[in-house]
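Following: one structure in structure tokens, then a few remarks.
Throughout, numbering of the chain's residues begins at 1 and tracks the sequence.
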Amino acid sequence: MNMPEWLKPGIYGALIGAVFVGVVGFTWGGWVTGGTANDRAMAMSRDDVVASMVPVCLDMARSDPSRTDKLATIRAASSYQRRDALMDAGLATMPGTDAPNRDIAQACLAALEL
């Protein structure tokens, strides 16, 4: 197929422009792939669920009859073991679940301000 000579620079310019727009869009333009958007949405929803469960954890800590003993045990634990102590105390086990949640325990521990 014979192309006119004047058409080649236009085709090359369109190809180079398309590549340039793609590179700029994904690096500085904020474009993301569908997988990245899904990962970000899942992380945001997990963070929102944890944030909504912190008041439940605090209410459980306030209304627990053995509150002082459990909080004393949590305070006695070293700083890197407090989350596990809070989970062992049962304050990170949400109603309707069987196991404690580590993320909820960490957020509840920060809200308790021990």
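- In this structure Ile16 satisfies the side chain to side chain contact (heavy atoms under 4.5 Å, CB included) test with no other residue, sequence neighbours excluded.
- In this structure, Leu71 is a member of the same hydrophobic cluster as Val54, with clusters built from ILVMFWY side-chain heavy atoms closer than 4.5 Å.
- There is a path of hydrophobic side-chain contacts, each under 4.5 Å, that joins Met3 to Trp6.
- Note on residues 35-48: no pairs pass salt bridge (Lys or Arg N to Asp or Glu O under 4.0 Å), not counting sequence neighbours.
- In this structure, Arg82 CZ and Asp88 CG are separated by 14.5 Å, a value rounded to the nearest 0.5 Å.
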For residues 104-114, please give each side-chain donor-acceptor pair under 3.5 Å, one per line with the distance, not counting sequence neighbours.
none

Show every donor-acceptor pair shorter than 3.5 Å between a side-chain atom in residues 91-100 and any protein atom, with sequence neighbours excluded, or say none if there are none.
| from | atom 1 | to | atom 2 | distance (Å) |
| --- | --- | --- | --- | --- |
| Thr97 | OG1 | Met94 | N | 3.3 |
| Thr97 | OG1 | Met94 | O | 2.6 |

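- Connection of Met60 to Val50 is established within a shared hydrophobic cluster, with ILVMFWY side chains joined at heavy-atom distances below 4.5 Å, either directly or through further cluster members.
- Looking at residues two or more places apart in sequence or on another chain, you find a side-chain hydrogen bond (donor to acceptor under 3.5 Å, both in side chains) between Arg102 and Asp84.
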Counting only pairs under 3.5 Å, give me each side-chain donor-acceptor contact of residues 17-36, with atom names and distances, residues two or more places apart or in other chains.
| from | atom 1 | to | atom 2 | distance (Å) |
| --- | --- | --- | --- | --- |
| Thr27 | OG1 | Val23 | O | 2.7 |
| Thr33 | OG1 | Thr36 | N | 3.4 |
| Thr33 | OG1 | Thr36 | OG1 | 3.2 |

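- Distance check, rounded to the nearest 0.5 Å: CE of Met87 to CG of Asn101 gives 7.5 Å.
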**Item:** Step-by-step side-chain contact (heavy atoms from CB on, under 4.5 Å) determination, Asp103 to Met53
**Value:** CA-CA 10 Å; Asp103 295 331; Met53 288 294 126; over 6 Å; no
